[in-house]
Amino acid sequence: MADLKERLLPPKPASAFNLREAAGRPTASGRHPFQGVDVLEVKKRGQGLKSWIRVDTSGNSQVMEVDKFTMMRRCDLPARDLRLLDPVFVYPSTILGREKAIVVNLEQIRCIITADEVLLLNSLDKYVLQYVIDLQRKLTTTGAGEVGDVGEVWQSDNSDMNQRRGNRNFENLYSNTSPDYLPFEFRALEVALEAACTFLDTQAAELEIEAYPLLDELTSKISTLNLERVRRLKSRLVALTRRVQKVRDEIEQLMDDDGDMAEMYLTEKKSRMEMSFYGDQSMIGYRSADGASISAPVSPVSSPPDSRRLDKSLSMARSRHESMRSTESNTENIEELEMLLEAYFVVIDSSLNKLTSLKEYIDDTEDFINIQLVCSVFLSHINSKLSNKNL
C-alpha cells in the first residue's frame, strides 16, 4: 500500500525535504526550528489566488481570480506596491505613478489603474462597491441607470451612502473637473479622489456635530464623565487630522512634481510605444521592399550609400517629431492633471481647516476649564483659611 501511494503521488521537491529535515534537527539551544509553523503552508498562502474586480474603459466589470505574480507581470509592479493594496496591512495614503500603472491607496479605496482597466481587490466594503458604481457611471454614456452588472447588484445595498454623497454635493461642485477628453486613468483617479475626500469630509462633519454640544455641556457642568468624553473625542480628532493631512500632502506633492504627473499619463505613453512599434515595423517593411534582408542585419559596406542616408534621415526626422510631440503633450497634460488635483486639494484643505479650527476650540475650552478649576481650588483654599481664622 505504501509503495502504491509513493508511485501515485508526485515526487516531493528537494526544498520540502530540506525544510522537514531542518525542522527535525534541534538547534544548539535544544529548540526545534519552525516549531508550530508550517513553512510550506505559509509560502503557499502568500502565492495563492485572490479575487479581483476589473473595470475596463467601457465600464464593464468582471470578477477574476489572479495570483500575486501574475498581477505583478500584468501591471509591471513590484511586490511592495501590491502590499499597499492588501487590506490586512495599514499604510498611509499614497498615490504612486509607475511605468504602466498608477497605484492608489486613499483611505478605503485601494486600486491599480492602468491605461485599459482598473483593478481592485474584491471586497464587500461599501466604499469599494460604491467606487465601482461611480466609476461605471462616469464611464458609461447610456445613462445613470445602466452601470453594469456589478452596479445593478450593489446599488440597493448602498442607497444610504448615495443619499449622503448627494447631500454633500461634491459632484455638483466639481462636475467640470473631468471633461470627456480626459484619459481613462485620470477619470478613474478622480473617482478615487472624490471618494476619499467625501469620506474624510463626512467624518470631519460628523465629529464637528458631536463636538460642540459636548463642549458646551462640559463648560456648564465639569464632571469626570464629560472630561473623559472630551478626551476620547480629541483622540479621534487627532487621528482624523493626521489622515486628512496625509492625503493633502500626497496631492500637494504630486502637484509640485511635474515629472511625477507626466509619469501618470499612461494613455499617452502607451500610444507613443504603439506608434514607435508601428514605425519600426514600417521601416522593416520599407527595407524588405527595397530588397534588404530582414533576417540578417544589413551590412553598412554592402548597403547602397543613398539607402543608408535615407534610413538615417527618416530615423532622425521621426525621433525629432516624437520628441517635440511628447514635450508638447506632456506639458498640456500636466496642466490638465494639475487642475484636477487642485480641485480636490481645495476640498481636502477645507476639511483640514475645519478640523484645525475644531482642535483650537477644544484647546480653548480646556484652557477655560483649567482656569475654572484653578480658581475653584484657590477660592476653596481662601475660604478654608478664613474659616480657620474665625475659629
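No experiment lies behind these values; they were computed from the predicted model shown. Note that the numbering runs from 1 along the sequence shown for the chain.
Between the side chain of K138 and the backbone N or O of R187 there is no donor-acceptor pair closer than 3.5 Å. Of the possible polar contacts, one joining the T241 side chain to the L237 backbone as a donor-acceptor pair under 3.5 Å is found. Of the possible polar contacts, one joining the Y131 side chain to the A188 backbone as a donor-acceptor pair under 3.5 Å is found. Put simply, the side chain of T94 gets close to the backbone of P92: a donor and an acceptor are under 3.5 Å apart. With hydrogens and angles ignored, the 3.5 Å screen pairs no side-chain donor or acceptor of T198 with any backbone N or O of A195. Under a 3.5 Å cut-off, the side chain of D76 and the backbone N or O of E99 do not form any donor-acceptor pair.
Remark: the S223 side chain and the N226 side chain contain an N/O donor-acceptor pair separated by less than 3.5 Å. Side-chain contact, D257 with Q253: no donor N or O sits under 3.5 Å from an acceptor N or O. There is a side-chain donor-acceptor pair under 3.5 Å between Y344 and E190. Residues Q136 and S61 have side chains that bring a donor and an acceptor to within less than 3.5 angstrom of each other. Checked by atom type, the side-chain pair T70/D67 shows a donor-acceptor distance below 3.5 Å. In this model, a donor atom of one side chain and an acceptor atom of the other lie less than 3.5 Å apart for D134 and Q130. Using modelled atom types and a 3.5 Å distance limit, the side chains of N105 and S93 yield no donor-acceptor pair. A donor-acceptor contact closer than 3.5 angstrom links the side chains of Q203 and R243.
The pair E210-R229 fails the salt-bridge criterion, with no side-chain N (NZ, NE, NH1 or NH2) lying under 4.0 Å from an Asp/Glu carboxylate O. Between K246 and E250 there is a salt bridge, since a side-chain N of the basic residue sits under 4.0 Å from a carboxylate O of the acidic one. Remark: K270 engages D116 in a salt bridge, criterion side-chain N to carboxylate O under 4.0 Å. With respect to the salt-bridge test (charged N to carboxylate O, under 4.0 angstrom), the residues R98 and E263 do not qualify. A salt bridge is absent between R231 and E366: the closest approach of a Lys/Arg side-chain nitrogen to an acidic carboxylate oxygen does not fall below 4.0 angstrom.
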How far apart are the C-alpha atoms of D349 and K354, what are their side-chain angles, what is the distance that settles it, and do they pass the salt bridge (Lys or Arg N to Asp or Glu O under 4.0 Å) test? CA-CA 9 Å; D349 189 63; K354 186 186 303 182; over 6 Å; no
Step by step, would you call E206 with T202 a side chain to side chain contact (heavy atoms under 4.5 Å, CB included)? CA-CA 6 Å; E206 292 175 353; T202 302; 3.7 Å; yes
Assess the residue pair E185 and T114 against the criterion (side chain to side chain donor-acceptor pair (under 3.5 Å)); give the C-alpha distance rounded to whole Å, side-chain angles, the decisive distance to 0.1 Å, and a yes or no. CA-CA 6 Å; E185 62 270 18; T114 68; over 6 Å; no
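Distance CD/E360 to OG1/T365: 11.5 Å, rounded to 0.5 Å. Going from atom CG of D256 over to atom CG of D249 covers 10.5 Å, rounded to the nearest 0.5 Å.
Counting heavy atoms from C-beta outward, L120 and V118 have side chains that approach closer than 4.5 Å.
Counting heavy atoms of neighbouring residues, nucleotides and ligands inside a 6.0 Å radius, atom NZ of K100 does not exceed 12 of them. Under a cut-off of 6.0 angstrom, the local environment of NZ in K359 is sparse, with at most 12 non-hydrogen atoms contributed by other residues, nucleotides or ligands.
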